[in-house]
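Some notes on the structure that comes next.
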Amino acid sequence: MTEVATDVYQFQLFDVERIADLRNLLEQAWDAGIPLRPPYSIVLNRRGAMLDRRSEGYLAAPTFQAFYQQLLDTYMRPISRLLFPEIIGYDSQSFGFSIHYQPTTDASIRPHTDASSVTLNINMNLPDETFEGSELDVMDAASGDAVRFAFTPGSAMLHRGNVPHAAQPITSGQRSNLVLWLYGERGQIPPQGAQRRAIPARDRWVASSAEQDDFAPF
């Protein structure tokens, strides 16, 4: 992992040779003619899909849902607890969507924060699927400056939800990402300035036993 800005980590998550397996499933959902609502109250994500069962019209394919849950329980939550232990107790619930950028429709997204304790943003482009622009700007809490970096196939960014970030306009090609959130019951997130504490490994590498609610941020 590389800490590209304060508490913002970039790393390779997916094997680039296997991304096509998952992209094929998403492409089939996009091309099936099923209405896919955007995750925001704007037009963004016209070729994306809701991933979590809390969302109306979510991608309910059993094999995908098993993969999605494993991604949350085996990777996202334990790694997030390692880096941000203050999220424990605020990471029992999940939310997810895919997002698609292209110059002629949904080209960028303005600076914002997420309604999450922690966000995992994974690039789903195939190795030969190049694009220009669409860099991600994240605010460095220590310096107050924006740090810009580009996604590569299978790479991921992990950060606290309260980190301001924005996607620059894409000028050519297309960019596809999966965005996953963790938060507590009814959307609760850690209070600002929550103190970090050392936690034993057994408290990190365990699936949440909390009851799953039906609250979706949007």
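Keep in mind it's a predicted model, so treat the numbers as computed, not measured.
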Sequence neighbours excluded, which residues qualify as side chain to side chain contact (heavy atoms under 4.5 Å, CB included) partners of [X]?
X	value
Pro62	none
Ala20	Leu126
Gln174	His100, Gln102

Give, for atom [atom1] of [X] and atom [atom2] of [Y], the distance between the pair rounded to the nearest 0.5 Å.
X	Y	atom1	atom2	result
Arg148	Leu136	CZ	CG	9.5 Å
Asn121	Leu178	CG	CG	8.5 Å
Tyr58	Met50	OH	CE	12.5 Å
Ile87	Arg196	CD1	CZ	10.0 Å
Asn177	Ser98	CG	OG	9.5 Å

May I ask whether [X] and [Y] are part of the same hydrophobic cluster, defined by side-chain heavy atoms of I, L, V, M, F, W, Y residues being less than 4.5 angstrom apart, directly or through others?
X	Y	answer
Leu82	Val4	no
Leu182	Ile199	no
Met139	Val8	no

Does the side chain of [Y] come within less than 4.5 Å of [X]'s, by heavy atoms?
X	Y	value
Ser176	Arg23	yes
Leu180	Met76	yes
Pro191	Tyr90	yes
Asp7	Phe84	yes
Arg53	Asp214	yes
Arg160	Asp114	no
Asn123	Thr152	no
Thr6	Val163	no

Discussion item. By the definition side-chain contact (heavy atoms from CB on, under 4.5 Å), identify the one residue from Glu132, Glu135, Arg175 that meets it with Ile170.
Written reply: Arg175

Item to complete: Using the side-chain contact (heavy atoms from CB on, under 4.5 Å) rule, pick out the option among Leu158, Leu22, Leu71, Ile19 that qualifies with Ile122.
Response: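 The side-chain contact (heavy atoms from CB on, under 4.5 Å) with Ile122 is passed solely by Leu71 among Leu158, Leu22, Leu71, Ile19.
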
Practice prompt. List for me each residue that meets ring-ring contact (aromatic ring centres under 6.0 Å, His included) alongside Phe149, sequence neighbours excluded, and say none if there are none.
Written response: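 Result, ring-ring contact (aromatic ring centres under 6.0 Å, His included) vs Phe149: Phe151.
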
Does any N or O in the side chain of [X] come within less than 3.5 Å of the main-chain N or O of [Y], such that one atom is a donor and the other an acceptor?
X	Y	answer
His159	Met157	no
Gln212	Ala210	yes
His165	Thr113	no
Asp140	Ser143	yes
Gln12	Phe14	yes
Gln28	Leu25	no

Which class fits the ring pair [X] and [Y]: parallel under 30°, tilted 30 to 60°, perpendicular over 60°?
X	Y	answer
Phe95	Trp181	tilted
Phe64	Tyr68	parallel
Phe215	Tyr183	perpendicular

Worksheet item: OH of Tyr9: more than 12 outside heavy atoms within 6.0 angstrom?
Response: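 Yes.
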
Discussion item. For Glu211, is the CD atom crowded, meaning more than 12 foreign heavy atoms sit under 6.0 Å from it?
Written reply: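 No, not enclosed.
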
Taking all heavy atoms of [X] and all of [Y], pick out the closest pair and write down the distance.
X	Y	answer
Ile189	Ser116	CG2-C, 3.4 Å
Pro190	Glu86	CG-O, 3.9 Å
Arg77	Asp91	NE-O, 2.9 Å
Pro127	Pro153	CA-CG, 4.0 Å
Thr119	Gly161	OG1-CA, 4.2 Å
Thr171	Gly133	OG1-N, 3.9 Å

Worksheet entry | side-chain contact (heavy atoms from CB on, under 4.5 Å) between Ser92 and Glu185, worked out | CA-CA 7 Å; Ser92 60; Glu185 294 180 5; 4.2 Å; yes

Worksheet item: Does Ser117 have any side-chain hydrogen bond (donor to acceptor under 3.5 Å, both in side chains) partners at least two apart in sequence or in another chain, and if so, which?
Response: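 Applying side-chain hydrogen bond (donor to acceptor under 3.5 Å, both in side chains) to Ser117 gives none.
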
Item to complete: Please name all residues satisfying salt bridge (charged side-chain N to carboxylate O under 4.0 Å, His left out) with Asp213, sequence neighbours left out, ordered by chain then number.
Response: Arg54

Worksheet entry | Electrostatic pair Asp203:Arg197 at N-O distance under 4.0 angstrom |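 No, no charged N to carboxylate O under 4.0 Å.
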
